[in-house]
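Keep in mind the model is a prediction, meaning the values are calculated, not measured.
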Amino acid sequence: MASSNSFKLRCSIPGHEMDVRGLATAIFPEGAFVSVSRDRTGRVWIPNSSPDIGFSEMHCMSGHSNFVSCVCVIAPSETYPRGLIATGGNDNNICVFTLDQPQPLYTLEGHKNTVCTLSSGKFGTLLSGAWDTTAKVWLNEKCMMTLQGHTAAVWAVIILPEQGLMLSGSADKTIKLWKAGRCEQTFTGHEDCVRGLAVISNTEFLSCSNDTSIRRWQVTGECVQVYYSHTNYIYSLAVFPNSQDFISTGEDRSLRIWRQGECCQTIRFPAQSVWCCCVLPNGDIAVGASDGIIRIFTEAEDRMASAEDLQAFEDELSKATIDPKTGDLGDIKLEDLPGREHLNEPGNRDGQTRLIKDGQKVEAYQWSVSDGRWVKIGDVVGGSNQQTSKSVVYEGKEYDYVFTIDMNEEGPSMKLPYNVTDDPWLVAHNFLQKNDLSPMFLDQVANFIIENTKGHVVGPAQIGGGDPFTGGSRYVPGSSNDDSGFAADPFTGAGRYIPGSSSNSSAPSGVADPFTGKGAYSSAAQRQTSTNIYFPKTDGVTFEQANAPQIIAKLKELNEGAPREHKLSDDTMESLEQLLLAVCGANSPEPPPTIQQISLLWKVSHWPEDIVFPVLDILRLAVRHPQVNESLCGEAEGVQLCNHLLSLMRPEGRPANQLLALRTLCNSFSGRHGRALLVSQREAVLSRAADLAAVYNKNIHIALATLVLNYAGCFHVQPDLDAKAQCLSVASRALETVQDKEAIFRLLVALGTTVASDQTAQDLARSLGVGSQISKYSTVSEPSKLGECCQLVLKELQ
């Protein structure tokens, strides 16, 4: 098969009625691709049998109630061996299709504004980005995670080959790298909206932007190269199979081919917005544009269009009109332009443009290296005061029109963005309110819109979601500004009270298990390796160790030195001591705790943070008691308890308080009311707890791992995919920093409990790269339970 080393038109596919906004290579049939359009449809195209070089429509999909903005193909699975097709639209939804029916197999709802980008990963994972400033991770029909952190619309997302790594690009000019649902890195450098992303390798990727540049990045954060050639917004990127060369398209009416870091060919289009591109398996290029036509380009001479079709494409291009307002051609002064004789001089590079005047007309030409001649790319015409390309970006969002409105001669002009799906009267009303203008102008502004869009009003106003430029109010771990200083470390000191000096903990049931190392627990040599004694673990793991005399002694010591306003009375001290003795053992001779004692404990738990830790130790032991658990964790008081403990766990807090708050949460699982409370507060509790993985304290890490394990046990009994996704995410993040073997063991048990007998959770764990993350523990022999448990988790993920 001969190659010309220059791409030429293979065929044009006029299948869509409006802009083609997304393209993706199909997995089945061979050589096929998928397109989506503002005409609300998606279509699958298959190559015709040789010698026909064209494509035919194989399948048409519809299900969106508004424009379709993006598309990706989900890899085949046992259930769907031909893969699935996902499309995102201006109706805020994602529709997932098979090749067997035109209606969606299912619809994913959750975004609050236009879904404008999609990417698929291994094991059926789908990543979406939207104008609501978020990206979402989906598995099957469920949203597993919402990635929050951008402050403007998320225009581009992609899943990297290394499992668990995801990228998002935004109108806030940044790119973020996510791992297990957490932002690990923010890339800055672009000066305008980031519009597209493309993977080069495990460690490198490309980005393109409205700032007319393409950047090559390493996942570690370095920008290693910046490419310039485009003269307007760049919308899309695609990489060739050699993982080095790539293509780009943009608002300058062009497709550009890049080889060895240089733009080696520029192909102009008879359409202003060249929205999308993809590289087909045979190396051909598919491109979609605002004229609704898909064009295929090829290097293979036997697939190139006939001379007649190539000439027809060139003729169509020559008749195009170019609006100088786009800035693609620079400032134009008719009197300074040369005549037609200027075209006798050859160009310096492929894609170079040259303007000439022919009488009162201005014509634009582009140099073609492969043809060795200037090719006319259009006539340059003047423009009116509105932009009418279907690609106007105003404040980071796309509109069909952005009008410049002058309400009076002295005041500044105002911008009025408008989409043809909007109600012109509602848009006019909102415009007047935003700019504090009189309602008397309503008819005038609405009629102006109708007149200048030629009456192109195709439906009621689209109900928009949140503004993509303001982040929604969301939970931010460690946002407290409390600036408490650190006192002496309560974990050291000979003969002193040391809270939690032993990491031993036990299951309330008292049965032998690997968490205590007591009783009937035996080594690997004494049992069959097929037996899984580790997970699923559904009974809560608690911290039982107590030394009541030392706790009381420390409490009295601190009380003596407490400021007068915080000093506890002798009666209070006696009540706390009675409560502690009552909850310290099942066979305690003390009467059960009274309501007054429990209320007193709650009140004293708000003691100053530098002296409160012995009270928290009493609280940690007390919540195991049924009456205390019901009283403090019940519907009325439970949320207050949870919030108080979370405030003590903030990252800049005191290690002793962080540890004891974590242990109190773990012990709260021992009662029905505590479990219900923690399940209801799961998102906030696990989010705050996850941040404590960065505190280098092994006891805190063991408590954190135990908390995740207890949650995993709850959601094994009562399956909740959102909750399991958070357990997986927190465990995965903790394993990156935790070194203590007991903590690692408990995190492995939590992972095993989360994925046991749950195919969806297993798929999510695979997509997060959990298997590769934990594989290093499979050979650990000391303690043996670590390696054994790891091997069993890996077996679940096979």
Under 6.0 Å from the [atom1] atom of [X], do we count more than 12 heavy atoms belonging to anything else shown?
X      : atom1 : answer
Gln260 : CD    : no
Glu57  : CD    : yes
Lys176 : NZ    : yes
Glu262 : CD    : no

Arg38 charged N/C atom sitting above Phe67 aromatic ring, 6.0 Å / 45°: yes
May I ask you to establish whether Arg259 and Phe240 are in a cation-pi arrangement, using a distance under 6.0 Å from NZ or CZ to the six-membered ring centre and at most 45° from the ring axis? yes
Any side-chain donor near an acceptor of the partner, [X] and [Y], under 3.5 Å:
X      : Y      : answer
Ser767 : Lys122 : no
Gln366 : Thr266 : no
Asp192 : Ser209 : no
Asp763 : Thr125 : no

side-chain contact (heavy atoms from CB on, under 4.5 Å) between Tyr80 and Ile74, intermediate numbers included: CA-CA 10 Å; Tyr80 303 104; Ile74 300 173; over 6 Å; no
Apply the side-chain contact (heavy atoms from CB on, under 4.5 Å) test between His16 and each candidate in Val36, Val68, Asp39; give the one that qualifies.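 Of the listed residues Val36, Val68, Asp39, the side-chain contact (heavy atoms from CB on, under 4.5 Å) partner of His16 is Asp39.
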Only one of Ile296, Leu23, Leu255 passes side-chain contact (heavy atoms from CB on, under 4.5 Å) with Ile285, and that residue is Leu255
State the [atom1]-[atom2] distance between [X] and [Y], to the nearest 0.5 angstrom.
X      : Y      : atom1 : atom2 : result
Ile200 : Leu206 : CD1   : CG    : 3.5 Å
Ser62  : Arg43  : OG    : CZ    : 9.0 Å
Leu84  : Cys95  : CG    : SG    : 12.5 Å

With side chains defined as the heavy atoms from C-beta onward, is the minimum distance between [X] and [Y] less than 4.5 Å?
X      : Y      : answer
Val219 : Glu184 : no
Ser370 : Lys8   : yes
Phe55  : Ile294 : no
Leu127 : Thr117 : no
His150 : Thr174 : yes
Met61  : Val71  : no
Asn282 : Arg303 : yes
Thr760 : Lys142 : no

Hey, mind stepping through Asp132 and Lys136 against salt bridge (Lys or Arg N to Asp or Glu O under 4.0 Å) and telling me if it holds? CA-CA 11 Å; Asp132 61 11; Lys136 290 181 181 288; 5.7 Å; no
The single option from Arg354, Lys376, Lys319 passing salt bridge (Lys or Arg N to Asp or Glu O under 4.0 Å) against Glu363: Lys376
Evaluate the salt bridge (Lys or Arg N to Asp or Glu O under 4.0 Å) criterion for residues Arg40 and Asp91: first the C-alpha distance (whole Å), next the side-chain angles of each, then the deciding distance (0.1 Å), finally the verdict. CA-CA 10 Å; Arg40 308 186 185 192; Asp91 57 5; over 6 Å; no
